[in-house]
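A short worksheet on the structure shown next.
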Amino acid sequence: MLQLRDTLSGATRPFVPLNPDQIGIYSCGPTIYGPAHIGNFRSFLFADLLVRWLRASGRTVRWVVNLTDIDDKIIRAAAKEGVEIRPLTDRWESVFRSDMQALRMTEPDVMPRATEHIPEQIAIVERLLEKGHAYKTEDGSIFFRIASWPSYGTLARLDPEAMRVGERVEADEYSKDDVRDFVLWKAAKPGEPSWEASIGAGRPGWHLECSAMSMRYLGESFDLHTGGIDLVFPHHEDEIAQSEAATGKRFVGTWLHCAHLHVSGDKMSKSLGNIARVSDLLAEGVEPRALRLALISAHYRTSLNYTSDSLPAAVAAIERLDAFDAALSARAARGADAPGEVNTDVAELATSTRTRFAAAMNNDLAVPEALAALFDFIREGNRHLDAECSAASAVALRETLQSLDQTLALLPAAVTLPAGAEELLAARVAARAARDFAASDRLRDELAALGVLVEDSRDGQRWRIAGSN
RNA sequence: GGCGACGUACCCAAGUGGUCUAAGGGGGGGGUCUGCAAAACCCCUAUUCGCCGGUUCGAAUCCGGCCGUCGCCUCCA
């Protein structure tokens, strides 16, 4: 039974879906005005792991990740570059999608854009106005009235009465009834995009889009909502207020928040100049699977310290995984004609590993423990290979490895050999049969130059692809 | 000022009352196997969990104090 820690209640409790036939998950996605950094992806990959684990557990999931394509930062970025907003957001959406794919993030079922869901957002504002939870100011902006929503502050554990009044109040917010009220709809201003609407021309405030799009695709009440811990307040607090005030229903069953990633102990920030962007790292030739591993290796609720050692350590771990996978394949292939039986010990190892892995993931997604189960499995599996286990055993081990990998997504992709490698491998087999080691070594070097790592074992010559795939 | 989190080996990182003389990955040292290389396996690398007290038969785990780091209260994954 999956246990999850819910931010709102503060409790770790069994996850019971509203509708067992389809679990709805909404993850606050990126604002697409620039490249995503590894901290962003830490939280997206946390959601990916959640989705993968639920699906591996046999659940049907509908996963929605929004793209924020209208806000102050985007307007500013477009103005600065002298381009229209849409081409700018299109460009960064495609960068985001390619980062996503490289890091093996599951493709969300829906990736809605805020600007394509304006009517849904307007509808929420209309409902809030009707119910007296919202009001219009002199300039035409519309605010949510916090005083009308007594439970405001519950998620973030903030006392609304004690909330410090922000020193910086925007010019267009001077007429708010209460400085703590948040904007739902920003009145149209010259030089800014706006939409004509029954509630007056304007554009949506930031929080509104997530309420509108989550409810549009998942219903007025849905199971899981994820995001970085920094979104707890005000973003998610405001989402709850505006959604529940509009519908009168419980908005989200379980709130999940991912802790921050730090770089060598510091927060990533422009002033420190320590922002590691995913697309930059990939362009530098970083193995995407190693980056994925580095970003998922700590429990999602504790901060993760990313250092200069993180990637090399992850690369080494990935190579260990690859070598094991290649060795299992070689053993399975060598004995394909007469696979024999699965050893009792192997069968037991496979079962206990799956059990241990599942227990870890069910324990509020305890990925570090799940990875410990994986690497213990690799060591035990290698021992069986060293002890010349049957081909059937190798197949069983490989199936277990692949079943864990439905969730982890770290195994090498099915690979194709570079041009000419097939012939070189065959020539090397022949050279070794003739005990011509000089030729064998030369061919190994040639293959290495092509990116094909060759190793000799009792199962004969085996190979794997170096670097990224 | 208010609220909260964290401090575990050289690095990353689990564990939150006994199975801990503390998982797992990386790194380092030694060994086995091997034509060589690589991979793999074995052994070693924290009797100790920021510091000081307390509770308990028993604490890394609970309580108090102190030191340090970080987060939120304002845009942020």
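Source: prediction; values computed, not measured. Numbered from 1 within each chain, the chains take letters A, B, ... in sequence-line order.
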Item to check | A:L103 versus A:P288, closest heavy-atom pair with distance | outcome: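 Residues A:L103 and A:P288, closest heavy atoms: CD2-O, 3.5 Å.
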
Checklist entry - Counting heavy atoms not belonging to A:R458, are there more than 12 under 6.0 Å from its CZ? => result yes

With rounding to the closest Å, how many angstrom separate the [atom1] atoms on [N] and [M]?
N     : M     : atom1 : value
B:G28 : B:G50 : P     : 27 Å
B:C66 : B:C73 : P     : 26 Å
B:U61 : B:G2  : P     : 27 Å
B:G1  : B:U48 : P     : 37 Å
B:U74 : B:C20 : P     : 47 Å
B:A14 : B:U56 : C1'   : 26 Å
B:U19 : B:A59 : C1'   : 15 Å
B:A22 : B:C3  : C1'   : 32 Å

side-chain contact (heavy atoms from CB on, under 4.5 Å) with [X]: which residues, sequence neighbours excluded?
X      : value
A:E446 : A:L424, A:R442, A:L443
A:A323 : A:R464
A:S9   : A:D6, A:A11, A:R13

Nearest-angstrom distance from the residue atom [atom1] of [X] to [atom2] of [N]:
X      : N     : atom1 : atom2 : answer
A:F324 : B:A39 : CZ    : P     : 16 Å
A:D159 : B:G4  : CG    : C1'   : 15 Å
A:L261 : B:C70 : CG    : C1'   : 13 Å
A:E388 : B:A40 : CD    : C1'   : 13 Å
A:L231 : B:C73 : CG    : C1'   : 15 Å
A:L453 : B:A40 : CG    : P     : 12 Å
A:D459 : B:A39 : CG    : P     : 17 Å
A:L311 : B:G27 : CG    : C1'   : 15 Å

Under the rule for side-chain hydrogen bond (donor to acceptor under 3.5 Å, both in side chains), what residues qualify as partners of [X], not counting sequence neighbours?
X      : result
A:E107 : A:R97
A:D459 : A:R331, A:R334
A:E369 : none
A:R320 : none

Item to check | First of A:G265 and A:R301 reached from the 5' end of RNA chain B, by closest nucleotide | outcome: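 With A:G265 and A:R301 compared, the 5'-side residue is A:R301.
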
Checklist entry - Taking for each residue the nucleotide of RNA chain B with the nearest heavy atom, is it A:A323 or A:P312 whose nucleotide lies nearer the 5' end? => result A:P312

Item to check | Mutual orientation of the aromatic rings belonging to A:F46 and A:Y300 [parallel < 30°, tilted 30-60°, perpendicular > 60°] | outcome: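 Correct class here is parallel.
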
Checklist entry - How are the rings of A:F251 and A:W255 set relative to one another: parallel (under 30°), tilted (30 to 60°) or perpendicular (over 60°)? => result tilted

Any N/O pairs under 3.5 Å between the protein and nucleotides 59-61 of chain B? List them or say none.
none

Item to check | Residues A:R113 and A:E93 bridged, charged N to O under 4.0 Å | outcome: yes

Checklist entry - When you check the gap from the basic side-chain N to the acidic O, do A:D72 and A:R203 get nearer than 4.0 Å? => result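 Salt bridge flag = yes for A:R203 with A:D72.
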
With a non-hydrogen cut-off below 4.0 angstrom, is [X] in contact with a base, only sugar-phosphate, or nothing?
X      : answer
A:G227 : sugar-phosphate
A:R432 : base
A:H260 : base

Next on the checklist: For A:I32, run the side chain to side chain contact (heavy atoms under 4.5 Å, CB included) check against A:V95, A:T68, A:L88, A:L67 and tell me which one passes.
Outcome noted: A:L67

Checklist entry - Dot-bracket for RNA chain B, 5' to 3', counting Watson-Crick or G-U wobble pairs under 3.5 Å, with [ ] for crossing pairs and | for inter-strand pairs? => result ((((((((.[[[..)..(.....]]]((((((.......))))))....[[[[[..)....]]]]])))))))....

Next on the checklist: Ring centroids only, cut at 6.0 angstrom: are A:H117 and A:Y217 within range, meaning strictly under it?
Outcome noted: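 Between A:Y217 and A:H117, which both carry aromatic rings, the centre distance is below 6.0 Å.
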
Checklist entry - What residues in residues 433-447 of chain A put a non-hydrogen atom under 4.0 Å from any atom of RNA chain B? => result A:F437, A:S440, A:D441, A:R444

Checklist outcome for this item: In numerical order, the residues of residues 24-35 of chain A whose heavy atoms come under 4.0 Å of RNA chain B are none

Next on the checklist: Counting only side-chain nitrogens and oxygens, does A:W463 get under 4.0 Å of the OP1 or OP2 atom of B:A39?
Outcome noted: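 No, outside the criterion.
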
Next on the checklist: The test is side chain to side chain contact (heavy atoms under 4.5 Å, CB included); show your working for A:I240 and A:V252 and say whether it passes.
Outcome noted: CA-CA 8 Å; A:I240 292 173; A:V252 165; over 6 Å; no

Checklist entry - Base, backbone or nothing for each nucleotide of nucleotides 11-25 of chain B, written B, S, -, heavy atoms under 4.0 angstrom, 5' to 3'? => result SSSSS-------BSS

Checklist entry - Is there a donor on the side chain of A:D456 or the base of B:C36 sitting less than 3.5 Å from an acceptor on the other? => result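 Looking at the base of B:C36, it does pair with a donor or acceptor on the side chain of A:D456 (distance under 3.5 Å).
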
Next on the checklist: Before you tell me yes or no, could you show the steps for A:S98 and A:S279 under side chain to side chain contact (heavy atoms under 4.5 Å, CB included), namely the whole-Å CA-CA distance, both residues' side-chain angles and the distance that decides it to 0.1 Å?
Outcome noted: CA-CA 8 Å; A:S98 76; A:S279 44; over 6 Å; no

Checklist entry - Going from CG on A:L54 to CH2 on A:W63, what distance comes out if it is rounded to the nearest 0.5 angstrom? => result 11.5 Å

